[in-house]
Amino acid sequence: MSKSIAVLKFGGSSVKSIGRMQHVAKIIDQWRQSQLTLVVVSAMGDTTDYLVKLASQCSTEPDRRELDLLLSTGEQVSITLLSMILREMGIPARSFTASQIGIFTESVYSKARIVDIKTDNIMKGFQDHDVLVVAGFQGVTADGDITTLGRGGSDTTAVALAAAVNATTCDIYTDVNGIYTADPNLIPKARLLGQVSYEEVVEMARLGAQVVHPRAVELARQYNVLLRVRNTFKPHCEGTTIDGGENMEIYRSVSGVAIDKDQARVAILDVPDKPGIAGTITQALADNHIVIDMIMQAFHPTIGMNNLTFTVHQSDLNQTIKTLEQLKAQLGAADVLADPDIAKVSIIGAGLAGQPGIAAKLFTTLGSGGVNIKMIASSEMKLTCVVNKADSEKAARLIHDAFELETTPSKGSLTF
Ligand code: ASP
Ligand code: MG
């Protein structure tokens, strides 16, 4: 019987130096004892940032094809060096770029989506090698142009490969132990989650807790790839398993609290209360590729008028204001307001839906802690409050305490 395939992904900090790569090579050596090992690596340390900076010194708006070809070199450095280290240890290993494997993407630069992965070259590679080292983050178009999948895209490469070769596992090695109930740098008593569902991780990532790239988790959910996040520097630590929630701690209603400080609140005031207005405003923003969230249009005391309020990523704030200012005259709006000093603080949990009392507990906790809530949004798996940025860490601590997230929920009891 042929051996099964394990996919391992090592992020930039895990391959930051030759010393770290030598450490990574030892982990790979363990894996390849029992399985064919497909390794995906990121660029060394902050290489990609450095390359972006170099490009910005050459051009205010670098040509996208050139930029992607440039950024893809970072991963080419790490795959070859790691392969050399493995070979030096006597391990039959070979490195491959995405175009050598055949990781095909759409013809979109800087955030291309994978459309197809050829497995022939992988299978051929495994005929003579125990370990194949593949460049993350990059792809190739049908015309042979090199693309990139968007920052942090190596996770996506790993999951896509795991799905393509039907791997038994996809282990994402990083510099933290796994996924916590909160950022342990902010809340030292945050607890490592042994198991969490795809949906919860996607929400956590979207709401500011970036451990695995949300796109990679979406893909894992779609193809049922069992993901595990673990620490390169504590390889014996079990880490966090991400799956469909089959073995969930079902008694847990809140899994974690996340903070996103890179947000801004925007409002357009006194627009006419008639059909088509919300559509016009949001379409203008969409035309400028601006993603908006927490959209609110509520009861307005003046008959015939509405306020539309929403949040945007801080990097989109200037463009958002510009777009709304242009609409202001057209719609006869009174004003455009922007507040960049806000943060989103959210609780996430697969068991949130239909649980009475959770929202009340959240708001009461913030209220008695003196934290003012500026906006509220809820969906099946999360409750988000916009608060002053200066209050956000305090808010997260209060919430972590109130919902006792540091203690492992015991079966049979709800945790709120
Ligand atoms: N090297 C790329 C980046 O820094 C891809 C990755 O690390 O996943 O964004
Ligand atoms: Mg990186």
Side-chain angles (χ1 to χ4, degrees), residues 7-18 20-21 23-24 27 38-56 62 64-83 95-101 103 105 108-114 117 133-140 146-163 170-176 178-179 201-202 204-206 208-220 225 227-233 239 242 262 313 315:
V7 172
L8 318 179
K9 183 257 170 177
F10 294 92
S13 61
S14 302
V15 293
K16 194 177 171 178
S17 62
I18 301 301
R20 290 198 177 181
M21 284 196 204
H23 170 74
V24 162
I27 298 175
L38 192 54
V39 179
V40 174
V41 283
S42 293
M44 295 172 74
D46 297 329
T47 302
T48 313
D49 290 333
Y50 172 69
L51 294 172
V52 170
K53 201 165 131 203
L54 285 183
S56 73
R64 299 188 135 215
R65 178 195 175 276
E66 302 309 322
L67 186 61
D68 272 17
L69 189 52
L70 171 71
L71 297 192
S72 74
T73 61
E75 272 70 13
Q76 203 163 323
V77 171
S78 47
I79 54 167
T80 43
L81 294 176
L82 180 58
S83 175
S95 65
F96 292 88
T97 63
S99 74
Q100 286 175 312
I101 293 286
I103 301 177
T105 69
V108 174
Y109 296 109
S110 85
K111 48 171 184 290
R113 279 174 307 186
I114 296 171
I117 295 184
V133 186
V134 180
F137 173 58
Q138 53 177 257
V140 64
I146 302 299
T147 53
T148 64
L149 312 180
R151 297 302 307 271
S154 300
D155 289 346
T156 306
T157 306
V159 174
L161 281 170
C170 182
D171 282 23
I172 308 283
Y173 281 93
T174 178
D175 53 6
V176 295
I179 296 170
V201 181
V202 169
M204 286 179 185
R206 293 243 164 82
Q210 283 275 8
V211 181
V212 204
H213 199 284
R215 217 171 112 195
V217 184
E218 294 266 29
L219 202 63
V225 173
L227 275 182
R228 189 148 54 131
V229 182
R230 50 199 308 195
N231 195 334
T232 306
F233 309 104
I242 309 171
D262 297 325
H313 195 268
S315 59

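Ligands are counted one by one from 1 in listed order, and the atoms in each one are counted from 1 as well.
- The closest approach between His213 and ligand 1 stays at or above 4.0 Å for every heavy atom of the residue.
- For Ser42, a nitrogen or oxygen atom sits less than 3.5 Å from a nitrogen or oxygen atom of ligand 1, counting backbone and side chain alike.
- Heavy atoms of other residues, nucleotides or ligands lying less than 6.0 angstrom from CG of Asp46 number 12 at most.
- Within the structure, the closest approach of Gly153 to ligand 1 falls below 4.0 Å when heavy atoms are considered.
- Any N or O atom pair closer than 3.5 Å counts here, and Glu75 shares at least one such pair with ligand 1.
- Numbered from 1 in the order shown, with element, the atoms of ligand 1 that lie under 4.0 Å from a heavy atom of Arg151 read 3 (C), 4 (O), 9 (O).
- Legend: residues meeting side chain to side chain donor-acceptor pair (under 3.5 Å) with Asp262, ordered by chain and number and at least two apart, are absent.
- Considering only residues two or more places apart in sequence or on other chains, Ser72 meets the side chain to side chain contact (heavy atoms under 4.5 Å, CB included) condition with Leu69, Gln138, Ile146.
- When all heavy atoms of Ser83 and Ser95 are compared, the closest pair comes out as OG-N, 3.6 Å.
- Of all heavy-atom pairs between Ser14 and Phe233, the closest is CA-CZ, 4.0 Å.
- Considering backbone and side-chain atoms alike, Gly152 places an N or O below 3.5 Å from some N or O of ligand 1.
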